[in-house]
S.K.: 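First the structure, then my questions, so here it is.
To find a chain, count down the sequence lines: A is the first, B the second, and so on, and within it residues start at 1. Model, not experiment: these values are computed from the prediction.
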Amino acid sequence: MSVLNAEIAGIFNRYAALLEIEGANSFRIRAYRNAARTVQDLPQSLESMLKEGEDLSELPTIGKDLAAKIKEIVETGQLSDLQKLEQKTPGDLAKLTALPGLGPKRVKALYDVLKIANLADLQTAIEAGKLRELPGFGSKTEEKILKEIKRHLQAEKRTNLHAAEQVAESLLRHLKGVVGVKAVVVAGSYRRRRETVGDLDILVTCTKGSNVMDRFIGYDAVEEVISKGKTRSTVLLRLGLQIDLRVVPQVSYGAALHYFTGSKAHNIAVRRIAVKRGLKLNEYGIFKREKRVAGRTEEEVFAQVDLPYIEPELRENRGEIEAARKGALPRLISLADIRGDLHSHTKATDGKYTIRKMAEAARERGYEYLAITDHTKHVTVAHGLDAKRLAKQIEDIDRLNKKLEGIMILKSAEVDILEDGSLDLPNEILKELDLTVCSVHYKFDLAAQKQTARIIRAMDNPYFNILGHPTGRLIGQRDPYAINMRRLMMAALERGCYFEVNAQPERLDLTDIHCRMAKEMGLRVAISTDAHTTATLDYMRFGVGQARRGWLEPEDVLNTRSWKNLKKLLKRR
DNA sequence: GCCGTTTTCGGCCCGACTGTTTTCAGTCG
């Protein structure tokens with residue numbers, strides 16, 4: 001029985017939803033949700049932790065009871081308590097609560113009175129006009145739920161950060177000109193640089209009487225105004241992204257920014273500290289009785305609970321508060337620390353520009369070096385380089401390096417890892433390169449053990465330097481291939497190889513959790529754009545964001561170093 | 001169900017908006 005952490009988290013969430021419908025103690029419900037999140041965030045599989053005899057109740061939010069339940073799930077693939085609960089509440093009530101506007105109380109009422117157990121029942125009941133007969137339900141509710149059912153059937157989707165940026169920039173331009181508006185900032189998971197966002201949270205401070213709310217709902221990409229109030233409004237854009245706008249007074253700006261940046265788990269943790277000190281923290285400030293003692297800036301808010309400023313990317317309640325208390329917060333890497341890009345393509349394969357154009361674009365970004373890493377021959381669709389063409393490219397780069405000032409072009413290639421773990425070019429040519437990025441581009445569906453062995457075998461090659469896009473996932477489109485991440489990282493450490501954080505917004509692997517795992521293991525990473533055009537060299541910001549979420553410091557990242565120092569690190573034995 | 005800088009019992013974050021209500025419950029973030 002092989003059980004994934006995500007499945008265990010799913011079982012806990014489902015259990016929590018059913019408990020909620022039953023009307024169980026809300027803190028008990030929260031305990032299951034907290035545990036689900038802990039499980040989801042773990043870099044290591046619970047199954048392997050159990051195998052190694054680790055005590056799961058030492059994990060935060062996991063006590064004796066939940067540790068036993070995890071053990072049961074790992075051993076049997078299911079949770080008997082959940083099955084019991086499912087028998088009591090037939091159909092798919094848990095799924096119904098996923099519809100916006102339908103919470104546990106209403107779902108229970110729907111089932112008790114109308115025997116509604118799934119989406120189809122619900123739709124039928126609404127169409128028969130049954131819903132409005134229930135107390136607390138009216139025609140508006142009916143209408144809203146029907147719309148949500150239809151939307152749900154089209155599958156809800158998170159928006160990737162790149163697309164969210166484009167919306168945010170346009171909307172900010174729309175709002176900044178409004179009379180009386182002082183600050184406009186995007187908070188939420190966007191500010192925490194999560195790889196995808198569910199919605200955008202925009203925070204505004206303005207003078208009294210500003211018509212910013214009207215301006216907001218008048219934004220031309222708005223499809224529907226979901227709610228409109230004096231301090232908060234919500235709209236849905238045509239492209240399916242929801243936007244919340246909140247207006248707060250200037251004296252509350254810091255508290256509100258902190259509050260709306262989240263995450264929820266981080267906020268709860270900070271509030272708990274406030275409560276312990278006899279303070280109350282909300283989006284308007286920190287209060288001692290009725291008196292506001294802080295709120296104008298985030299720093300002020302943190303200071304009131306005796307914490308230093310915590311960077312938004314760290315605010316996930318993954319240990320940042322404890323680290324802050326101990327003065328052990330990382331000094332996060334920033335874009336300015338990056339001195340070069342170690343993964344880029346040119347016209348020779350599937351890129352769009354010449355080596356020279358790419359190099360000049362890298363120089364414009366203030367880089368010292370750019371590695372040209374065109375595909376190799378196995379990737380026929382990209383017209384991958386064979387040894388002969390690569391040899392020619394090496395000569396071209398040598399010549400260009402003599403001519404170009406202010407940027408060093410590194411001779412490299414994105415070498416294909418074949419199914420048997422060999423590389424698809426002979427070592428005679430690889431040894432002429434400054435470095436290699438080695439990647440898997442086919443046979444994604446091997447079993448974890450085989451895929452892991454394949455990549456380790458590739459690392460055995462002395463010319464293997466950096467593992468490119470280490471999981472091969474495409475966010476929302478293709479799952480990561482199955483690998484044992486810990487074992488791979490260990491193998492890289494032993495051999496002097498490195499991992500890449502691929503900065504393409506569709507990829508962003510390593511994930512934040514895996515970045516942190518690499519750091520804890522002492523494995524350094526390269527943050528690379530995999531640019532196929534000059535413009536996409538700017539994707540570096542996404543990679544840096546992911547690295548920051550993974551607590552990485554400049555020291556943890558290869559390409560914060562000068563080429564001279566980087567060269568030493570790349571040397572294998 | 002978890003957890004401990006008051007605690008191994010008794011707490012556990014907090015406010016806005018909507019719809020259906022004459023004062024508030026439910027939902028959401």
S.K.: Give the nucleotide from the list B/dC17, B/dC2, B/dG15 with an atom nearest to the side chain of A/Tyr284.
M.R.: B/dG15
S.K.: Please give the distance between the C1' atoms of B/dC12 and B/dT18 as a whole number of Å.
M.R.: 28 Å
S.K.: Just to verify, which of A/Arg473, A/Arg549, A/Arg158, A/Arg507 counts as forming a salt bridge (charged side-chain N to carboxylate O under 4.0 Å, His left out) with A/Glu195?
M.R.: A/Arg473
S.K.: Counting any heavy atom closer than 4.0 Å, what does A/Arg246 reach on the DNA or RNA strands: base, sugar-phosphate only, or nothing?
M.R.: sugar-phosphate
S.K.: Roughly, in whole Å, what's the span from CG in A/Leu110 to C1' in B/dT27?
M.R.: 14 Å
S.K.: From CZ of A/Arg132 over to C1' of B/dG19, roughly how many Å is that when rounded to an integer?
M.R.: 14 Å
S.K.: Under 3.5 Å, side chain of A/Arg215 to main-chain N/O of A/Val179, donor-acceptor pair present?
M.R.: no
S.K.: If you assign each of A/Met213 and A/Ile62 to its closest nucleotide in DNA chain B, which residue comes earlier from the 5' end?
M.R.: A/Ile62
S.K.: Could you state the atom-to-atom distance from NE2 of A/His266 to P of B/dC14 in whole Å?
M.R.: 15 Å
S.K.: For the pair made of CD in A/Glu283 and P in B/dC17, what is the distance, rounded to whole Å?
M.R.: 10 Å
S.K.: Indicate, with a heavy-atom threshold strictly under 4.0 Å, whether A/Lys144 touches base, sugar-phosphate, or nothing.
M.R.: nothing
S.K.: Categorize A/Val275 for me: base, sugar-phosphate, or nothing, with a 4.0 angstrom heavy-atom threshold over every strand shown.
M.R.: sugar-phosphate
S.K.: Check whether any side-chain N or O of A/Lys276 sits under 4.0 Å from OP1 or OP2 of B/dG4, and answer yes or no.
M.R.: no
S.K.: How far, in whole Å, is B/dT8 from B/dC2 if one measures between their C1' atoms?
M.R.: 12 Å
S.K.: Indicate, with a heavy-atom threshold strictly under 4.0 Å, whether A/Pro135 touches base, sugar-phosphate, or nothing.
M.R.: nothing
S.K.: Using distance alone, with no hydrogens and no angle criterion, decide if A/Ser210 and A/Thr207 have a side-chain donor and acceptor under 3.5 Å apart.
M.R.: no
S.K.: Check every atom of B/dG1, B/dC14, B/dC17 against the side chain of A/Phe27 and return the nucleotide holding the closest atom.
M.R.: B/dG1
S.K.: Whether the side chain of A/Asn502 engages the backbone of A/Pro470 through a donor-acceptor N/O pair (distance < 3.5 Å, no angle test) should be reported.
M.R.: no
S.K.: Look at the side chain of A/Tyr259 against the base of B/dG29 and say whether a donor-acceptor pair falls under 3.5 Å; ignore hydrogens and angles.
M.R.: yes
S.K.: Can you check the distance between B/dT27 and B/dT20, where both ends of the measurement are the P atom (answer in whole Å)?
M.R.: 13 Å
S.K.: A/Arg191 and salt bridge (charged side-chain N to carboxylate O under 4.0 Å, His left out): which single residue from A/Glu165, A/Glu313, A/Glu298 fits?
M.R.: A/Glu298
S.K.: Determine the contact category for A/Leu102: base if any of its heavy atoms lies under 4.0 Å from a base atom, sugar-phosphate if only primed atoms, P, OP1 or OP2 are that close, otherwise nothing.
M.R.: sugar-phosphate
S.K.: Please state the C1' separation for the pair B/dT21 and B/dA25 - nearest whole angstrom.
M.R.: 9 Å
S.K.: Would you classify A/Ser57 as touching base, sugar-phosphate or nothing, given that sugar-phosphate means primed atoms plus P, OP1 and OP2, and contacts are heavy atoms under 4.0 Å?
M.R.: nothing
S.K.: Checking all strands, does A/Lys69 fall into the base, sugar-phosphate, or nothing category for heavy-atom contacts under 4.0 angstrom?
M.R.: sugar-phosphate
S.K.: Using heavy atoms to find the nearest nucleotide of DNA chain B for A/Tyr32 and A/Thr141 separately, return the residue whose nucleotide is more 5′.
M.R.: A/Tyr32
S.K.: When all nucleic acid strands are considered with a 4.0 Å heavy-atom cut-off, which category describes A/Leu99: base, sugar-phosphate, or nothing?
M.R.: sugar-phosphate
S.K.: For B/dC28, does OP1 or OP2 lie under 4.0 Å from any side-chain N or O of A/Lys264?
M.R.: no
S.K.: B/dC2, B/dA16, B/dG26: which one has an atom nearest the side-chain heavy atoms of A/Asp65?
M.R.: B/dC2
S.K.: Got a donor-acceptor contact below 3.5 angstrom from the A/Gln304 side chain to the A/Ala294 backbone?
M.R.: no
S.K.: Heavy atoms only, 4.0 Å cut-off, all strands: where does A/Asn267 land among base, sugar-phosphate and nothing?
M.R.: nothing
S.K.: Measure from the side-chain heavy atoms of A/Asn282 and tell me the nearest of B/dT20, B/dC12, B/dC14.
M.R.: B/dC14
S.K.: B/dC2 P sits how many Å from A/Ile29 CD1, rounded?
M.R.: 14 Å
S.K.: Please determine whether a side-chain nitrogen or oxygen atom of A/Arg28 lies at a distance below 4.0 Å from atom OP1 or OP2 of B/dG1.
M.R.: yes
S.K.: Can you tell me how far P in B/dG11 sits from the matching atom in B/dT6, rounded to whole Å?
M.R.: 16 Å
S.K.: Please determine, for B/dC3, whether a Watson-Crick or G-U wobble partner exists with both distances under 3.5 Å, and give it or none.
M.R.: B/dG10
S.K.: In whole Å, measure the gap between the C1' atoms of B/dG10 and B/dC17 for me.
M.R.: 33 Å
S.K.: Round to a whole Å and report the spacing from NZ of A/Lys280 to P of B/dC12.
M.R.: 14 Å
S.K.: For the side chain of A/Arg106, counting heavy atoms from C-beta on, which of B/dT27, B/dC17, B/dC28 is nearest?
M.R.: B/dT27
S.K.: Phosphate oxygens OP1/OP2 of B/dC17: is one of them under 4.0 Å from a side-chain N or O of A/Thr231?
M.R.: yes
S.K.: Grab the NZ-P distance between A/Lys105 and B/dG26 for me, whole Å please.
M.R.: 5 Å
S.K.: For A/Asp538, is there any backbone N or O sitting under 3.5 Å from a side-chain donor or acceptor partner on A/Arg541?
M.R.: yes
S.K.: Given atom CG of A/Asp201 and atom C1' of B/dC28, what is their separation to the nearest angstrom?
M.R.: 12 Å
S.K.: Could you point out which residue of A/Arg33, A/Arg14, A/Lys108 forms a salt bridge (charged side-chain N to carboxylate O under 4.0 Å, His left out) with A/Glu20?
M.R.: A/Arg33
